[in-house]
**Student:** 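This is the structure I want to talk about, given as structure tokens.
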Amino acid sequence: MTEQSDIVVIGAGQAGAELCVELRRRGHAGRIVLLGDEAWPPYKRPPLSKAYLAGTADEAALHAVPPAQLQRHAIEFIGGARVVHLHRQHREVELADGRRIAYRGLALTTGGRARPLPVPGGDLRGVQVLRSMDDARALRPALREGSRLVIIGGGFIGLEAAAAAIKAGARVTLLEGLERVLARVTAPQISDFFERAHREAGVDLVTGAQVAAVLGRDAVEAVQLADGRLIAADHVLVGIGLLPNVDLALQAGLEVADGIVVDECARSSDPQIVAAGDCANHPSAFAGRRLRLESVQNALEQARTAAATLLGAQEPYRTVPWFWSDQYDLKLQMVGLSQGHDRLVLRGDLQLARDFSAFYLREGRLIAADVVNRPQEFMLAKKLVAAAATLDPALLADASVPLKSLLPS
Ligand SMILES: Cc1cc2nc3c(=O)[nH]c(=O)nc-3n(C[C@H](O)[C@H](O)[C@H](O)COP(=O)(O)OP(=O)(O)OC[C@H]3O[C@@H](n4cnc5c(N)ncnc54)[C@H](O)[C@@H]3O)c2cc1C
């Protein structure tokens, strides 16, 4: 027998939870069912590579929406519920246990999964990714005095986990395949700054490292590089990117191209179905092209747009992307997209200090900024990037000129 719902949301991450709450905020009274294949109620992932991994935050601090709030809003969260099929012609979803739920409106907030390591031994015991609460729990034993942790991938997750592991006394080797860490998202000077910070903290950081295999009999014992080098390991963390969860969308015949293709109102190629968060690929007015973003800001804001769309409103998602990362005492905040910049302006001394701002210009206009340990400058940078301000590089670099004075009037 098919159950009736009004709105069904598949994927109980930050996007899915926010979408449900937004429906209620907007006065929606119909039945809302939130389906998640993880056992946990919706939680925030950022602490998984930061405070939660380090053991300084517990599960309760991670709730994306406190369970009591879900209850108060009559949002029916069903955990451990994997949707295996969309029956678009009947407007029904089918769960792994055979249960079927009919919908009037459907949201896909299925997020993504960590890319597995595509080398021999990549599935040995002790080799793991860091995407879920269960992953973080499994990784915690690697964070202790003397444990040998090899991290593959010098992106945000790898670097944050390295910082947490070093603090716990582990011996950390970080292997990055490219010539520098964070190569896809920052300028070489910023990569250099972070590489130095990690090396000074005690990380053995190797760039240009091609991993050929993971070796071990029952469990991981070493990582082998293409040049033959062997690095002994008790644990291996693989942080080499994300694959968007688009299987359901593909199977249902929705348009998919690096994520579920949506319009600026988060509508998929089926007008009854919206998508938001890490799984969605949207047209960005800011970037002038399609984007699939992996950030909390995107998950939350796009989910609100998707909720509006399900209720018949038209509220295009137009945002300037921003992101943050915590490593040691360094809080990196980023706004905009730096790809395509033709000039980098630094404000502060990256060699001497642990705080600075880096501004990316294209044809004189500010398109992005990376700010370390300067929260007030970041707030101003957000405004300047949103305004696509035309700025004099000399004034921007001059620490005696208040950034505020450069805001367009
Ligand atoms: C370790 C880590 C650190 C991060 N740090 C930061 C940070 O510092 N700043 C920042 O902005 N962002 C950070 N992010 C990224 C941010 O957490 C994500 O962008 C955000 O969580 C995306 O939310 P989402 O709801 O779109 O997807 P997800 O959080 O992936 O949620 C999707 C959910 O849907 C479930 N699902 C998928 N398919 C099905 C199905 N068929 N049936 C049922 N359920 C299904 C998935 O299992 C998952 O639980 C971090 C991510 C990780 C993993």
Side-chain angles (χ1 to χ4, degrees), residues 8-20 33-54 62 64-65 77-86 93-97 99 101 106-115 128-136 139 151 153 155-161 163-164 185 237-239 241-252 259-260 262 266 275-282 292-303 306 321-327 330-335:
V8 171
V9 178
I10 305 175
Q14 284 204 258
E18 182 68 16
L19 198 155
C20 294
V33 176
L34 173 61
L35 301 168
D37 58 2
E38 296 183 65
W40 303 99
Y43 60 89
K44 302 174 190 163
R45 295 186 196 274
L48 300 181
S49 51
K50 306 178 183 77
Y52 184 74
L53 184 62
L62 265 59
V65 177
F77 163 66
I78 308 178
R82 177 154 194 81
V83 177
V84 291
H85 213 90
L86 299 185
V93 303
E94 182 181 337
L95 276 62
D97 63 6
R99 200 166 156 186
I101 307 176
L106 177 67
L108 296 174
T109 50
T110 48
R113 60 190 179 279
R115 191 184 290 275
Q128 70 157 106
V129 296
L130 181 50
R131 177 72 192 170
S132 66
M133 185 107 85
D134 291 338
D135 294 337
L139 186 61
I151 299 176
F156 290 114
I157 289 179
L159 293 172
E160 290 177 357
V185 290
L237 170 63
V238 179
L242 173 130
L243 299 170
N245 287 328
V246 294
D247 328 30
L248 279 178
L250 274 174
Q251 164 262 308
I260 302 165
V262 295
D278 283 15
C279 69
N281 184 308
H282 70 279
R292 190 180 60 74
L293 297 169
E294 296 168 12
S295 71
V296 168
Q297 174 227 7
N298 175 65
L300 298 180
E301 291 186 22
Q302 201 173 29
W322 60 265
F323 189 83
W324 81 94
S325 173
D326 299 325
Q327 300 163 40
L330 303 169
K331 182 169 217 50
L332 167 65
Q333 294 172 290
M334 312 172 89
V335 59

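As the structure lists them, so they are numbered: ligands from 1, and atoms in each ligand from 1.
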**Student:** Give the atom numbers and elements of ligand 1 that come within less than 4.0 Å of a heavy atom of Glu294.
**Tutor:** 19 (O)
**Student:** Which atoms of ligand 1 have any heavy atom of Asn245 under 4.0 Å away?
**Tutor:** 37 (C)
**Student:** One residue to check: Phe156. Relative to ligand 1, which of side chain, backbone, both or neither has a non-hydrogen atom less than 4.0 Å away?
**Tutor:** neither
**Student:** Please assess Leu86 against Ile10 for the test side chain to side chain contact (heavy atoms under 4.5 Å, CB included), listing each intermediate value before the final yes or no.
**Tutor:** CA-CA 10 Å; Leu86 299 185; Ile10 305 175; 3.6 Å; yes
**Student:** Who's the nearest protein heavy-atom neighbour of atom 25 (O) of ligand 1, and how far?
**Tutor:** Ala15 N, 2.9 Å
**Student:** Applying a 4.0 Å heavy-atom criterion (strictly less than), which segment of Thr110 is in contact with ligand 1: side chain, backbone, both, or neither?
**Tutor:** both
**Student:** Taking the side chain as C-beta and beyond, is there a heavy-atom pair between Glu160 and Leu53 under 4.5 Å?
**Tutor:** no
**Student:** Show me which atoms of ligand 1 lie under 4.0 Å from any heavy atom of Ser49.
**Tutor:** 1 (C), 2 (C), 3 (C)
**Student:** Applying side chain to side chain contact (heavy atoms under 4.5 Å, CB included) to Arg45 and Ser132, what does each step give before you reach the verdict?
**Tutor:** CA-CA 7 Å; Arg45 295 186 196 274; Ser132 66; 4.1 Å; yes
**Student:** Starting from atom 10 (C) of ligand 1, what is the nearest protein heavy atom, named by residue and atom, and what distance separates them?
**Tutor:** Phe323 CE1, 3.3 Å
**Student:** Can you figure out which of Ala136, Ala64, Ala81 has its heavy atom closest to atom 43 (C) of ligand 1?
**Tutor:** Ala81
**Student:** Using a 3.5 Å cut-off on N or O atoms only, is Arg131 in polar contact with ligand 1?
**Tutor:** yes
**Student:** Using a 4.0 Å cutoff against the non-hydrogen atoms of Ala299, which atoms of ligand 1 qualify?
**Tutor:** 23 (O)
**Student:** Does the plane of the ring in Trp322 sit parallel, tilted or perpendicular to the ring in Trp324? Use 30° and 60° as the thresholds.
**Tutor:** tilted
**Student:** Go through the steps for Arg131 and Asp278 under the test salt bridge (charged side-chain N to carboxylate O under 4.0 Å, His left out), then give the verdict.
**Tutor:** CA-CA 12 Å; Arg131 177 72 192 170; Asp278 283 15; 3.1 Å; yes
**Student:** Run the numbers for me: atoms of ligand 1, each under 4.0 Å from some heavy atom of Leu248, listed by number.
**Tutor:** 41 (N)
**Student:** Could I get the full list of ring pair (Phe, Tyr, Trp, His ring centres under 6.0 Å) partners for Phe323, not counting sequence neighbours?
**Tutor:** Phe156
**Student:** Passes side chain to side chain contact (heavy atoms under 4.5 Å, CB included), Leu332 versus Leu330? Steps please.
**Tutor:** CA-CA 6 Å; Leu332 167 65; Leu330 303 169; over 6 Å; no
**Student:** Is the shortest side-chain heavy-atom distance between Tyr52 and Lys44 below 4.5 Å?
**Tutor:** no
**Student:** Start with the C-alpha gap between Leu62 and Leu48, add the side-chain angles, then the distance that decides, and say whether side chain to side chain contact (heavy atoms under 4.5 Å, CB included) holds.
**Tutor:** CA-CA 9 Å; Leu62 265 59; Leu48 300 181; 3.8 Å; yes
**Student:** Specify the protein heavy atom at minimum distance from atom 46 (C) of ligand 1: its residue, its atom name, and the distance to 0.1 Å.
**Tutor:** Asp37 OD1, 3.4 Å
**Student:** Name the closest protein heavy atom to atom 16 (C) of ligand 1, giving the residue it belongs to and the distance to 0.1 Å.
**Tutor:** Val296 CG2, 4.0 Å
**Student:** Using heavy-atom distances only, which candidate in Lys50, Lys44, Arg45 approaches atom 5 (N) of ligand 1 most closely?
**Tutor:** Lys50
**Student:** Please examine the side chains of Asp135 and Leu139, heavy atoms only from C-beta on, and report whether any two atoms are closer than 4.5 Å.
**Tutor:** no
**Student:** Start with the C-alpha distance between Glu294 and Arg115, add both sets of side-chain angles, then the distance that settles salt bridge (charged side-chain N to carboxylate O under 4.0 Å, His left out), and finish with yes or no.
**Tutor:** CA-CA 14 Å; Glu294 296 168 12; Arg115 191 184 290 275; over 6 Å; no
**Student:** Considering distance alone, does some N or O of Gly36 sit under 3.5 Å from an N or O of ligand 1?
**Tutor:** no
**Student:** Report the distance from atom CD1 of Ile157 to atom CG of Leu130, rounding to the nearest 0.5 Å.
**Tutor:** 5.5 Å
**Student:** Quick one: which ligand 1 atoms are inside 4.0 Å of a heavy atom on Leu130?
**Tutor:** 1 (C), 53 (C)
**Student:** Might you point out which heavy atoms bring Cys279 and Asn245 nearest each other, and give the distance in Å?
**Tutor:** CB-O, 4.1 Å
**Student:** Counting non-hydrogen protein atoms only, what is the nearest one to atom 49 (O) of ligand 1? Give residue, atom name and distance.
**Tutor:** Glu38 OE2, 2.6 Å
**Student:** Which residue owns the protein heavy atom closest to atom 26 (O) of ligand 1, what's the atom, and how far is it?
**Tutor:** Asp278 N, 2.9 Å
**Student:** Of the protein's non-hydrogen atoms, which lies at the shortest distance from atom 40 (C) of ligand 1, and what is that distance?
**Tutor:** Arg82 NH1, 3.7 Å
**Student:** Taking C-beta and beyond as the side chain, do Gln302 and Val262 meet within less than 4.5 Å on heavy atoms?
**Tutor:** yes
**Student:** What is the nearest protein non-hydrogen atom to atom 42 (N) of ligand 1, stated with its residue, atom name and distance?
**Tutor:** Val83 N, 3.0 Å
**Student:** Taking non-hydrogen atoms only, is Ile10 closer than 4.0 angstrom to ligand 1 via side chain, backbone, both or neither?
**Tutor:** side chain
**Student:** For Ser295, take its heavy atoms, then give the atoms of ligand 1 lying under 4.0 Å from any of them.
**Tutor:** 11 (O), 12 (N), 19 (O)
**Student:** Under a 4.0 angstrom heavy-atom cut-off, which atoms of ligand 1 come close to Gly277?
**Tutor:** 26 (O)
